[in-house]
Amino acid sequence: MSALTEGSPEASIPAKGHARRWSALSVLCVAALVISVDLTVLQLAIPSLTEELNPVPTSSQILWIADIYGLVMAGLLVTMGIVGDRVGRKKLLVSGAVVFAGASALIAWAPSPELLIAGRALLGIGGATIYPTTLSIIRDMFADPKERTAAVGIWTGMVSGGTALGPIIGGPLLDNFWWGSVFLINLPLMAVVFLGGLFLVPESRNSRPGRLDLPSVALSIVGIMGVVYAIQESAREGFGEPKILAVGAVGLVSLLLFVWRQGRLETPILDVSLFRNRAFSGAFAANTVTMFASVGSLLLVSQYLQFVHDWSPMRAALALLPPAIMGMISAPFVGLLIPRMGQGRVVALGLGLLGLAMFLYSFTDVDAGYQALLIPTIVHGIAAACIFACTVDIIINSAPPEKSGIASGIATTGGELGAAMGMAVLGTILNTVYRDNVDVPAGLRDKAPNAGDSLGAALQVAAQGPKALADKLTASATSAFMDGMHAAVLVNAGILATVCAVTLIALRDLPKTFGHGEPSQDPKTGENTEASGAGEQSVRAMPGDSPVDG
């Protein structure tokens, strides 16, 4: 194969793509898997670190420990996609591997909640340098549309599987080692990404990347962090606190200014014009809400099994296997459904099933056995397989080829922001209902004011108090926790039902499948041509596509 010449479309994408594209894909999948695992691996570790950290984390700090990784990553993903287009995606990939590994070591030995939060934030920076580059490199390496669709499907499977594998990997480590051990596994895996990136992954960049707008970077970070801070702290101090209202208002205004600014820049960080495409917007919304509902609910279920039923981390991890198993089993059947139903209807089916799973989670209670969780977790896995099999492919195929870095950054931003917001919002609902309903006995209220903050804190207080008071506190705290969990999953179900209906409209005119047959190409540029629908920007049509649904 001839050497690649950057800036030339026909050189950067040869006839079938890069010679070592499948080996390089395995490296990118390892990177995506590790980053995805770290979104959920902390779920099982929260009870352990609550016991071992000194001082004990407050309920607000626990939320920040869980959320800050995804939030920092979400705030920087699109920016890092632009940086990768400019300086080289391979360079960003290997640099991110170093930062990610270093942050993992820092977290593993963090002696206090504050340093743990700082380490998780640094981990988010490392993840943001890796995640958007993986999809951009895949887009660059695979010229054949059928191969590219398969590669994106493999990558998506690793991402969605990683969120379920987090608790499974963490379980045996937490049963035998301290809580920080769940992060040390990142070191050898990131070594694989670093070496594989150096020797297998080709370099690619945009020859005309434009200027990186620093005010836009600042506005996006301030906006996301401000809104989430207001959501989290409102669970502890109430929505009416002036500090919370002020920070939330700053966040909202920053996000509005960010969107306004993007529409006026020649080379924006977030190309808002992409959202004029109904298919792009619909797939983005479905992907974001799915991660919101899935990651947030798994956090609740993990705490339910460990706190309410006193299960070990390993046992709780095994209990969360059904979504991952059903996702893998269902994937081939979902592939058969797509040509028959169309991608839009398959996504809507998945959202409907996921909403049903959330509704079924609400039937769990203090005395329920595992069978009460088994059916909803199975439905959960099938639903995720339906959604993730389509959404990333729709987003990638909806964007023009020259906007590869931006589109892939937006795709992953939606997922990461959704996951972080799911933990923040659902955790806030849980904590708000818990605090409103828990009754701390008078004999313990003065000695342990934190017992009303979270179930974990209440159980710690109960373990050290007189039996009569301890039993009363435990009963009240577990009942309040269940009330909060039920409220959170029912809110989830309502959101998913709404987005399901919207998705049926937004994705109604999609081609049933992408990439059947070779794309037509412009003889001068070698780029795929696009077909435009009447009245709006449409998804790129490939010759040989099946009839549209709807």
Side-chain angles (χ1 to χ4, degrees), residues 28 30-42 64-110 113-137 159 162 166 180 182-184 186-187 189-191 193-194 197 212-229 254 258 269-270 405 408-421 423-424:
L28 302 178
V30 169
L33 177 67
V34 175
I35 293 171
S36 184
V37 163
D38 273 63
L39 274 172
T40 56
V41 73
L42 197 66
W64 277 112
I65 290 168
D67 292 343
I68 193 69
Y69 167 66
L71 290 171
V72 170
M73 188 167 8
L76 293 175
L77 276 173
V78 175
T79 299
M80 289 301 180
I82 296 288
V83 172
D85 287 347
R86 188 183 190 91
V87 305
R89 297 160 188 143
K90 173 177 177 174
K91 291 186 181 70
L92 208 62
L93 176 69
V94 296
S95 300
V98 173
V99 173
F100 201 90
S104 298
L106 175 63
I107 293 169
W109 285 288
E114 292 81 7
L115 284 177
L116 178 54
I117 293 171
R120 290 278 287 173
L122 181 61
L123 196 73
I125 295 173
T129 63
I130 297 172
Y131 223 51
T133 63
T134 56
L135 268 179
S136 295
I137 292 170
V159 171
V182 297
F183 294 99
L184 293 183
N186 293 340
L187 273 62
L189 292 175
M190 279 299 157
V193 175
F194 178 81
L212 178 62
D213 187 59
L214 294 180
S216 294
V217 174
L219 286 171
S220 66
I221 295 173
V222 170
I224 292 172
M225 297 298 289
V227 168
V228 174
Y229 174 86
S254 297
F258 172 79
I269 287 178
L270 178 66
S408 62
I410 292 173
T412 49
T413 295
E416 296 306 317
L417 185 57
M421 292 298 291
M423 289 188 286

Query raised in the report: What's the verdict on side-chain contact (heavy atoms from CB on, under 4.5 Å) for Ile35 and Tyr69, showing C-alpha distance, side-chain angles and the deciding distance?
Result: CA-CA 10 Å; Ile35 293 171; Tyr69 167 66; 3.0 Å; yes
**Report entry** Considering all heavy atoms, the nearest Leu187-Ala105 contact
**Finding:** CD1-N, 4.1 Å
**Report entry** side-chain contact (heavy atoms from CB on, under 4.5 Å) between Val193 and Leu189, intermediate numbers included
**Finding:** CA-CA 7 Å; Val193 175; Leu189 292 175; 5.8 Å; no
Query raised in the report: What heavy-atom pair brings Phe100 and Val34 nearest, and what distance separates the two atoms?
Result: CE2-CG1, 3.7 Å
Query - Sequence-distant partners of Leu106, side-chain contact (heavy atoms from CB on, under 4.5 Å), two or more places apart - result: Leu122
**Report entry** Atom of Gly126, atom of Val99 and distance for their closest heavy-atom approach
**Finding:** CA-CG1, 3.7 Å
Query raised in the report: Taking only residues at least two apart or on different chains, which pairs with a member in residues 98-110 satisfy side-chain hydrogen bond (donor to acceptor under 3.5 Å, both in side chains)?
Result: Ser104-Asn186
Requested in this report: Please identify each residue that fulfils side-chain contact (heavy atoms from CB on, under 4.5 Å) with Ser95, with sequence neighbours left out.
Outcome: none
Query - Heavy-atom closest pair, residues Gly180 and Ala108 - result: O-CB, 3.3 Å
Report summary line: Closest heavy-atom pair, Ala97 versus Ile130, reported as atoms and distance to 0.1 Å, is N-CD1, 3.6 Å
**Report entry** Inter- and intrachain pairs under salt bridge (charged side-chain N to carboxylate O under 4.0 Å, His left out), touching residues 213-223, at least two apart
**Finding:** Arg211-Asp213, Asp213-Arg261
Query raised in the report: CD1/Ile107 to CD1/Ile65 distance, rounded to the nearest 0.5 angstrom?
Result: 10.0 Å
**Report entry** Set of residues satisfying side-chain contact (heavy atoms from CB on, under 4.5 Å) with respect to Thr129, sequence neighbours excluded
**Finding:** Met80, Leu92
Requested in this report: List the atom of Lys90, the atom of Gly197, and the distance in Å for their closest heavy-atom pair.
Outcome: CE-O, 3.0 Å
